[in-house]
Each structure stands twice: as C-alpha cells, then as structure tokens.
Amino acid sequence: MSAAPVHGTWEPRPAARWEDAFLSGNGHHGALVFGDPDDDRTVVTHHTLVRPGEGEGHDRLPPRLADGLSGLQDRLLAGDTTAAEDFTDGRPLQWVRPFHPAFQVRVRRPDGDPDPGGYRRTLDFATGVAEATRTGWTSRVFVSRADDVIVQHITGPGLTLDVLLDHRLPGVPTGLGVGHGAVLTPEGALLSLRARYPGTDLACTGVTVVAVTGGRTALAPPGLRVEGARSVLLLTRVRRHTGELDVVAEGRALRDLLASGTPYDDLLARHLPLHRTAYERVTLDLAADPDERALPGSELLTRPRGAALLERLFAAGRYHLLSSSGLFPPRLTGLWTGDWDTAWSGAFTHDANLNLQTASAAAAALPEVTGALAALVRRQLPDWRDNARAVFGTRGVVAPAHSDGESGHSYHFSREYPLHLWTAGADWLLKPLVDHDETRGARDPHTAAALAEVALFYEDFLTRTDGEGRPVVVPSYSPENRPANASWGTVNAAMDLSAARHALLTAAAYHPEHADRWRALADRLPPHRINADGALAEWAWPGLEDSYDHRHLSHLYGVWPLDEITPYDTPELAAAAHRALELRGAENDSAHGHLHHALIAARLRDGERVAHALGQVLDGDFFHASLMSAHYPHRHVYNADAAHTLPAVLIEALVQSTPDRLVLLPAPLPAYPSGELRGIRTRFGASLDLTWSPDGATAVLRPTRTHRIDLWTSAGAEPLDLVAGEDRVLTTKAR
C-alpha cells in the first residue's frame, strides 16, 4: 500500500453556499460551517426541528378504511385494476412535518481584514472538527457527542468580533415569531433566540454562552461585541418546546461545561473517545497516488475515476453517517440543512432512502447507526399499530412510507402514491436490526418483540387465497411504481411477497414457540414469477405487466438486502433477477436509484454493472465541495443518499456475508485492482481485514463464535471451520 489515505478534506477557499459547508454532528445537533473570513457562519440544526402544520388534526392520523378492505380485495381479485384508486378517505396529499434549520451563529469582523492571507478550511473526519484558518486567526467547530453541545473556539491576537444569532435563512416563514436576548454576567455573555411557529405555542429556542479570554465584551443588540480578545469560546444548544423555555437555566447548564482551566481542550477530549473510536473501526485504502490524496476535495471531484476520490468519499460517507445518527438515523438530508424549504420535507423516507443510507451500518461497524434506527422504530411502534388497525383491521404493525420522527402514522398518500397500502415497510426497516443481531451474536428483545407484531399482522392480513389456495397479498404496492397495464394498488407485488416470507421466517427464528404456524404460513406464499422477458416480475400476479423505466428497484428486495435470491442457493431466480436489473432504466437519474442498482448488482456478482452504476454518480457531479451529495446530477437538491450509501456499495463489491457464508471479492471493480479494507464485521461473528491485488487476495478473520461457514471465492466454494478466538488467514489466487 502507498501512504495512508487522508481521513479528512480541505478547501483553499471559503464556502459561499451553505451546501458547501463542512459538516459536524452528534446525531442530535448538527452544524454547517461556512462563510467568508469576515462573516463566519455556523448553521445550527437539531433532529427534532420539524415545523408543525397549521390546523393539524385528523389528517395526521391513518385513514380508517378497514371496513371497506374486504370489498376492495374482492374488486382487485376480480380483475378491477383501478379499484384501489378510491380506497382513501378523500383527504389531499399531506406531507410529513418539514425539517428545518434553527438559526446561524454569525461571527463577524466589523473592520474586515485588508490582508486575509493564508486562508484554508479543513474537516477532520476522525475528530469531527471543522477548522478555518488564515494568518493570525483560527476558528474550530465541532459537535460534542459527550456533552451534546456545538463548540466554536476562535483564537488570534487582538480579536474584535461581533457575535449574534441570526434566524434569517432561506425560506424562513414570514409569520415566524422571533425574539432575541443578550445578557452580560460576571461569568460571561448569554445570547438567545426564540422562534415561535405561526399559529401555535410550539417554539424552538437557541442559547449560546460566550466566554472571552482577554479584551472587553459589550452588548451590541441583538448580539454583542468583543474587542481585543485572545480567544472566544461559544457553546450552543437548541431546544424545541411548548410555552417558554428557561433561558437562564439553559445558560447555566452550558456555563457548567466551562469549569475547567482549558475548557475547549477538555470538551474535545471528552468527545474524541466516542467519535474517533467509531470512525476508525473501518478503513479503505485503494492504493491512490499520494499527490492526489493531498488535493482539496473540490479538485478531487474533477477527477471522478481517481482512487483518491473514492477513498475520500468512503471515509466521508462513514463520517457523515456516524455524525447524523443518534437520536434518529439520518434524514433525507442527514442532520443538516440551511433552508427552511427542505426538499421532500427532509423526511425519513422509509420505502427506499433510509435503508440505503444505513446499508453499511452492520458491516462497516457502526452500531451507533443501527441503534439510532432501532430507537426510531421503538418510538413509533404504537403508531404502527394504529396503522394496522385503521387501514387493515388487523393486529400487529404496519410502518409508514414517510415519517418526520415525531409520528409513525400513515398519512402521506394519494392516488398516484397509495403509500398507505404498502405492507412491506416493517420488515424492510427491521432487516438492518436483524443483521446487527447476527453480527453481534445476540438477539435484541425489542427487535424480537417488533418481529412478533409483524408476524401477527400477516396472520390477520393474509386471509385471501388464489385459485391454488395460496395466500394473496391484496392490496399490494411496489414503491413507487405501477404496472404498465394497471393502477398503483394491485396484487402480489414481489417486494410484498419477499417481505411477508422473510418477516414470518425471521419471527419464527426469534420465537420458537410460534415457529410452526409462522413457517407454515410463509411456506404457503406463492413463488416469484418470471415474465416473458425472462426477468423476475415486479408483480407475481398473472397479467400484470412490468414498467421497467423507474428509479426504484423494490421488486429485487429478495436479492438485496435479503438473502432470499442468491447465485449460490437459487441460481434460476438469481438469473431472472439479473435480467430484471438489465432491463431497469434510470428514469430521473436519482442518486439512490443508481446506488440501489449497484448494491443489487454486487449481490449478483456483476462487478461491471456495479462499476457502471457507481460511475453514473461519480461522473454526474452529485457531490458538493463539502462531500455531501445531491439527489440529482449537477448538485441539484441537497440530499444524503449518495454520500451515505456509497460505502455500502464498495463493501458489498468486496465482501459479503450471511450467518453461514462468506464471499470474498464477489464483484471486484476493475479500476481499483489493489487495496485494503480493514475492520469489516460479518454476520457470522467475525471481524475481517481484506487485502487484494492482481495476484490474489488475503483475508484475516478474527471469529468470536465457533461456527462452520461456506467460503466462496472466484475458485468456488469450500467449507470453513471457525473457532472463537483463533484467527484464520485465507488466501486466494487470481484466476
């Protein structure tokens, strides 16, 4: 290997756009650090900041449709292809509550600097510190995992600065009620900003404590002025609340963090073990040119096929995924936005995006991410029960397709997007938690309980049968597509069949006392259908024709992330799935569509198709200078899908595992013939380091469980006995 990859990024110029801001976060608070040297800005976000709608009421609850379900099923089974279009309560499309920023902390130099030489901004992935420097001046920002606070430390000789909290960000509502506060005390200055949402008593309040070393501090409403200081330390938190928030008490809690003689160093020291340890568990080295590794991120992005760019995007993806996961997993924008009009409400979009973003969590050793997803599921289970009762009249749970983090109710749906009919969501969202349990070798009781509720739903729901007596999923929906010859709500979508089968069998494994009946129901489900094109059909119901040009690949759920369809166990179905992948169009060139395609191609051992799909993203100008991504080419619509999903694509191309199988180099990328991937976790309970070159590959396994697995390489399969605590070195030769 060449010199170690760069675990950070840098730019020689300020960020003029918030999309290019360097990002820090602890899974609760987020910070977007940008601006010019004379107007340094840090946009503050928090996962709980979602804007309430006006006059909220019954339209935020799932529709009560269960009484009409039997009639709908009769019509669909009788061949009425549009029957589901009027299976609603008549409400218009209602998006979930939109995610928004709180405000920006602005630090301005009132007199400017006639010689702003030596400017450079950096982001250290291993520490989470965003730093901007120029001659005689440094500003560092990080979000503490230990103390849940945004920390900014500015140093330099004779600092003269204006500091204020500024709510004026793009898209801010005109009716937002804003109040500022600024107080000087013997312990330091206290700034606050309260923003009350229009038409409610719900508000968010930010509090910043300003500690100054040397110099003088004076009020300069709505902020303050610091003159002649050696350093300025700002600690910021934001809270969403009803009524009034005790700003003084919030400020006192922040001041308590300043008790040491070196508060910045101590704050950083408490944060680092939590962040650095997680970030450094997994690394990727693609033997990039050291000179390229030294380039700023914006320059690397002009070399889209360079190994140095892919190394940095892998590192940045894990960094941003970790930083946006805590209270919740990442939203469509991770944990960050600088605009109140966030695309698609900045939601948790469950029917594709959330699982794509978190796809690397188990293998890439980020239990923090899986834990955040588990917390979201546990918080919303009562609402999932409401969905099952209201829409389907069943026990158990049904997950919504969209969520704002507060509610898990299914209320985002319309004629063209009948998302309230999607029944696969609970299994889809629980699958990463099952993977995590397999990786660590223990079953979480919360996951076990949720799986049991999913199985109960299917027991009550799968009551209609086809002509051969097999259960039918009706109504059924394949996000977010429709048959070429029918409407959106149909029968036996492939994803729904895979989810029902997987949920029942997994629940049976977690609950042996119910295993017989749940396995029996799973075994009765109809098989997948192969259409006239030789492709796995998106709908197994006879007569429904495929629509190939679509961004979603829901029907290939059995390939990824499930292990239902594999080249090893079900080669005929795998060939049909591969044909379906070949026929799939890119539709609108969304990043999640390309990388979902790549993940499925990797499972089907098609490295060329992985490389092509990955290349569509790398060549398409999807990444900002911040190395956060966009939804569409040419950096259109800020979105974390590409940034967070890319590490999973690279891992799946190099290593795949199940509880009983290890596959080495299943879909190697020809453009990167040498490399090293370290720290991967497998689902059979071993960590793995992989080194490969044109001559072959070496893998070092460190098992924590005694177990026999099948080892698959380019030479075929062989059994491998692993003993807990005994390292195994595996070598393969190039073919």
Side-chain angles (χ1 to χ4, degrees), residues 11 13-25 29-36 38-54 95-108 121 130 132 141 150 152 162-180 193-199 202-206 208 222-223 236 238 240 320 324 330-347 349 404 621-641 643:
E11 291 296 325
R13 292 171 295 277
R17 305 162 61 247
W18 67 261
E19 292 89 344
D20 291 326
F22 284 159
L23 306 174
S24 187
H29 283 90
L32 300 88
V33 184
F34 76 116
D36 62 60
D38 293 326
D39 189 3
D40 201 38
R41 286 172 282 172
T42 300
V43 175
V44 175
T45 63
H46 196 280
H47 257 318
T48 61
L49 296 183
V50 292
R51 179 183 175 186
E54 296 182 7
W95 278 89
V96 301
R97 302 172 183 88
F99 178 57
H100 67 85
F103 50 84
Q104 54 188 335
V105 180
R106 301 183 70 169
V107 179
R108 298 187 291 190
R121 63 190 183 102
V141 179
I150 299 173
Q152 182 172 11
D162 288 333
V163 182
L164 74 153
L165 309 184
D166 185 357
H167 71 285
R168 294 170 296 176
L169 290 165
V172 63
T174 55
L176 194 69
V178 177
H180 292 270
L193 186 152
R194 178 180 181 272
R196 184 175 59 80
Y197 301 103
L202 191 63
C204 65
T205 297
T208 298
T236 301
V238 64
R240 189 168 182 265
H320 288 134
S324 59
R331 298 173 175 273
L332 285 173
T333 58
L335 181 50
W336 305 280
T337 182
D339 194 320
W340 279 68
D341 292 326
T342 310
W344 303 292
S345 289
T349 299
D404 51 30
D621 190 20
F622 277 88
F623 286 90
H624 303 283
S626 59
L627 303 187
M628 180 47 69
S629 53
H631 190 270
Y632 297 116
H634 310 299
R635 288 168 286 155
H636 181 53
V637 184
Y638 193 83
N639 178 276
D641 290 348

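When a residue number appears, it is its place in the shown sequence, counting from 1.
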Requested in this report: To the nearest 0.5 angstrom, please state how far the CH2 atom of W18 sits from the CD atom of Q104.
Outcome: 12.5 Å
Report task. Indicate, with yes or no, if the rings of F103 and H180 have centres closer together than 6.0 Å. Result -> no
Query - Minimal non-hydrogen separation, T337 against T333, with atom names - result: CB-OG1, 4.5 Å
Requested in this report: Kindly give the heavy-atom pair with the smallest separation between N639 and M628, and that separation in Å.
Outcome: O-SD, 3.9 Å
Query - Atom pair CZ (R194) and SG (C204), whose distance is rounded to the nearest 0.5 Å - result: 9.5 Å
Query raised in the report: Between the main-chain N or O of A643 and the side-chain N or O of S629, is there a donor-acceptor pair closer than 3.5 Å?
Result: yes
Requested in this report: Mind listing the closest non-hydrogen atom pair of D339 and P170 along with its distance?
Outcome: OD1-O, 3.1 Å
Report task. Using modelled atom types only, decide if a donor and an acceptor are shared between the side chain of S626 and the backbone of E19 within a distance under 3.5 Å. Result -> yes
Query raised in the report: OG1/T208 to CG/L165 distance, rounded to the nearest 0.5 angstrom?
Result: 4.0 Å
Requested in this report: Look at the rings of F99 and H47 and say which category their plane angle falls in: under 30° parallel, 30 to 60° tilted, over 60° perpendicular.
Outcome: tilted
Query raised in the report: Does D404 offer a backbone N or O that forms a donor-acceptor pair with the side chain of R331 under 3.5 Å?
Result: yes
Report summary line: Residues V50 and H100: closest non-hydrogen pair is C-CD2, 3.9 Å
**Report entry** Heavy-atom side-chain contact between V637 and W344 under 4.5 Å
**Finding:** yes
Report task. Considering non-hydrogen atoms only, spot the tightest contact between L176 and P198 and give its length. Result -> N-CG, 3.9 Å
Query - Smallest separation among heavy atoms of R121 and V33, with atom names - result: NH1-O, 4.3 Å
Report task. Give a yes-or-no answer on whether the side chains of H46 and T48 include a donor-acceptor pair shorter than 3.5 Å. Result -> yes
Query raised in the report: For the atom pair CG (L627) and NE2 (H320), what is the distance rounded to the nearest 0.5 Å?
Result: 6.5 Å
Query raised in the report: Does a side-chain heavy-atom distance below 4.5 Å link L193 with T205?
Result: no
Requested in this report: Report yes or no: does T45 contribute a side-chain atom to a donor-acceptor pair with the main-chain N or O of L335 at less than 3.5 Å?
Outcome: yes
